[in-house]
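Take a look at the structure below.
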Amino acid sequence: MTLRVYNTLSGTKEEFTPLVPGKVSMYVCGVTVYDHCHIGHARANVVFDMIYRYLCHAGYEVTYVRNYTDVDDKIINRANQEGVPFNVISERFIAEFDRDMAALGLALPTHQPKATEHIAEMTAVISRLIEKGYAYAADGDVYFCVEEFAPYLKLSKRNLDEMQAGARIEVGEKKRHPMDFALWKGSKPGEPFWESPWGKGRPGWHIECSAMSMKYLGETFDIHGGGKDLVFPHHENEIAQSEAANGKPFAHYWIHNGFVNINAEKMSKSLGNFFTIKEVLEKYDAEVLRFFLLSAHYRSPIDFSDQNLREAETGLERIYTTLAGIDEELAKGEDSTAGEADHELVGKTATLADRFREAMDDDFNTAQALGFVFDLVRSANRVLAEGRGDNRALLAEARDRIREVGTVLGIFTSGPRAFAERLKSRKAAELPISPEEIGRLIEERIAARAARDFRRADEIRDTLAEQGIMLLDSPQGTTWKVK
RNA sequence: GGCGGCGUCGCCAAGUGGUAAGGCAAAGGUCUGCAAAACCUUUAUUCACCGGUUCAAAUCCGGUCGCCGCCUCCA
């Protein structure tokens with residue numbers, strides 16, 4: 001089975017055929033670095049990280065480019081508010097972005113170009129557009145002439161007349177057509193600027209992606225991605241600039257991820273209903289967040305709520321519990337006897353990689369892929385519960401298959417014990433009782449149980465339970481966890 | 001107003017022509033001094049509603065209702 005990808009351009013799933021066999025070139029729009037990232041940014045970046053990892057896993061040599069938009073109105077505004085140069089703001093939030101992405105366990109893209117380091121490439125594209133009659137300079141600004149580019153709006157599937165009827169467009173006096181967009185903006189006093197054939201100024205938003213993708217990936221490349229909200233105008237304008245300048249197709253496959261919602265409404269800065277990545281990571285483990293984001297298909301909206309995050313946490317814990325159980329079983333040694341291998345577990349283990357690939361080949365269906373993992377987990381748990389000391393090699397195999405899937409999705413990457421400890425210490429910090437006090441009560445209970453004073457033992461269990469602590473008895477002793 | 005998407009068990013979520021994955025929650029059982037975890041069993045004859053096409057539809061077509069997104073910066 002071959003990879004099939006939903007292409008926004010055609011509106012259908014298409015078989016994925018890269019330009020150069022065995023290689024994939026992919027450009028994803030990064031962030032404008034003027035503030036901390038929110039969960040919506042987390043989703044977009046986790047989704048494309050997953051796609052990147054899967055393409056690599058599928059054997060492609062992938063060149064992945066993700067940019068930083070480090071000059072723009074919002075950055076300048078913030079810099080003015082704080083009374084600092086714009087690059088102080090952009091550098092600060094580039095560092096914050098990098099920190100957030102590292103916390104989420106993202107692989108680094110091949111290239112992470114910054115707009116301000118590619119001004120020359122941009123002015124070159126703009127000059128070419130003017131020469132070809134697709135753009136015009138007007139009093140220090142340069143605009144793209146949308147009427148000159150016939151396929152304009154082919155990605156968002158609109159038409160110019162209707163867009164105008166919508167009439168929320170400001171008719172810039174320098175523009176010939178109200179939909180024309182800026183390639184270059186003449187700088188006002190106090191704004192950062194670069195020299196150009198049209199005077200001092202700075203690039204428009206869209207041109208950086210055209211120029212940088214061309215530099216790192218060529219005039220035509222395979223995949224261009226970003227959030228759904230970038231379809232219009234950003235990606236539409238990129239297509240116009242690049243295809244007009246080069247006379248060649250731009251990106252072949254356009255992939256857009258769905259939004260993160262809060263109460264079924266889009267999370268966004270303007271609505272003010274957003275959570276930053278840092279806020280969420282104070283409450284939930286990064287792997288839990290990642291698991292949650294991948295538990296729905298990347299194009300569907302996903303609703304962010306405490307309940308959903310907690311469910312994701314419980315689900316992920318279930319998988320880790322199994323991995324821990326397998327490790328414990330294996331610690332007991334080799335297969336005890338040459339017993340018969342459990343048929344179901346053999347089957348589920350042997351087919352996981354294929355089923356995973358099938359799900360992922362169908363437009364990166366991570367939700368289905370995780371369902372298959374849970375299938376195998378249940379089989380493994382059954383064998384574990386049956387105390388099959390004769391199936392250890394098989395259990396080890398199952399664990400390795402689960403881990404393999406996890407590597408591609410960027411989850412199950414911790415040791416099971418480390419994961420459990422992380423969750424525990426995170427939750428313990430919110431408890432009304434100290435771990436020392438819990439330990440003391442556990443000791444007391446052990447003594448009570450040894451004396452068969454079950455009444456006192458249960459009293460202690462109940463007291464702790466009231467404070468959200470569950471005691472777990474096992475032959476190895478008593479441990480506790482936070483519920 | 002234009003364009004696009006969605007509506008599947010109490011909740012989350014796969015499934016896009018062949019007779020409803022998976023997770024969470026819930027109930028019963030096994031295990032346990034009692035618990036927890038884990039295992040086993042149960043939980044949608046039905047996929048917003050109404051028509052139509054088909055041997056066959058959650059999946060295709062038409063209509064209705066509801067929700068959301070884009071059309072302005074936005075992942």
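Quick note on labels: first sequence line is chain A, next is B, and so on, each numbered from 1.
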For RNA chain B, what residues of residues 443-459 of chain A have any heavy atom nearer than 4.0 Å? A:R445, A:R449, A:F454, A:D458
Within residues 99-106 of chain A, find the residues that approach RNA chain B with a heavy atom at under 4.0 Å, and present them sorted by residue number. none
Say you pick atom P in B:G51 and the same atom in B:C40; how far apart are they, in whole Å? 42 Å
Protein N or O to nucleotides 10-14 of chain B N or O, pairs below 3.5 Å:
| from | atom 1 | to | atom 2 | distance (Å) |
| --- | --- | --- | --- | --- |
| B:A14 | OP1 | A:H297 | N | 2.7 |
| B:A14 | O3' | A:N365 | ND2 | 2.7 |
| B:A14 | O2' | A:Q368 | NE2 | 3.4 |

Looking at B:G69, B:C71, B:C39, which one has an atom nearest to any side-chain atom of A:R382? B:C39
Can you identify which nucleotide, out of B:A35, B:A75, B:C73, has its nearest atom closest to the A:R461 side chain? B:A35
Exam field: side chain A:R202 to backbone A:T116, donor-acceptor pair closer than 3.5 Å: no
Which residues pass the side chain to side chain contact (heavy atoms under 4.5 Å, CB included) test with A:R158, not counting sequence neighbours? A:L153, A:S156, A:M163, A:F232
Partners meeting side chain to side chain contact (heavy atoms under 4.5 Å, CB included) with A:A324 (sequence neighbours left out): A:P416
Which helical stems does RNA chain B take part in, if a stem means at least 3 consecutive Watson-Crick or G-U pairs with both distances below 3.5 Å? B:1-7 with B:65-71, B:10-12 with B:22-24, B:26-30 with B:38-42, B:48-52 with B:60-64
Partners of [X] by ring-ring contact (aromatic ring centres under 6.0 Å, His included), sequence neighbours excluded?
X	value
A:Y68	A:F97
A:F412	none
A:F93	A:H36

My understanding is that only one of A:H224, A:H235, A:H234 makes a ring-ring contact (aromatic ring centres under 6.0 Å, His included) with A:H256; could you say which? A:H235
Would you say A:L345 and A:L376 make side-chain contact, with heavy atoms under 4.5 Å? yes
Can you confirm whether A:D285 sits close enough to A:F291 that some side-chain heavy atom of one is under 4.5 Å from a side-chain heavy atom of the other? no
Residues 100-110 of chain A, side-chain donor-acceptor partners within the protein, below 3.5 Å, at least two apart:
| from | atom 1 | to | atom 2 | distance (Å) |
| --- | --- | --- | --- | --- |
| A:D100 | OD1 | A:K278 | NZ | 3.0 |
| A:D100 | OD2 | A:K278 | NZ | 3.1 |
| A:T110 | OG1 | A:Y64 | N | 2.8 |
| A:T110 | OG1 | A:Y64 | O | 3.4 |

State whether the number of non-hydrogen atoms from other residues, nucleotides or ligands found under 6.0 Å of A:R417 atom CZ is greater than 12. no
Is it the case that atom NZ in A:K283 sees more than 12 heavy atoms from other parts of the structure closer than 6.0 Å? no
Which residues pass the salt bridge (Lys or Arg N to Asp or Glu O under 4.0 Å) test with A:E443, not counting sequence neighbours? none
Under 4.0 Å, heavy atoms only, any strand: does A:G11 hit a base, just the sugar-phosphate, or nothing? nothing
Where A:R66 and A:P113 come nearest, the two heavy atoms and their spacing: O-CD, 3.5 Å
Identify each atom pair where a protein N or O and an N or O of nucleotides 27-29 of chain B are less than 3.5 Å apart, giving names and distance.
none

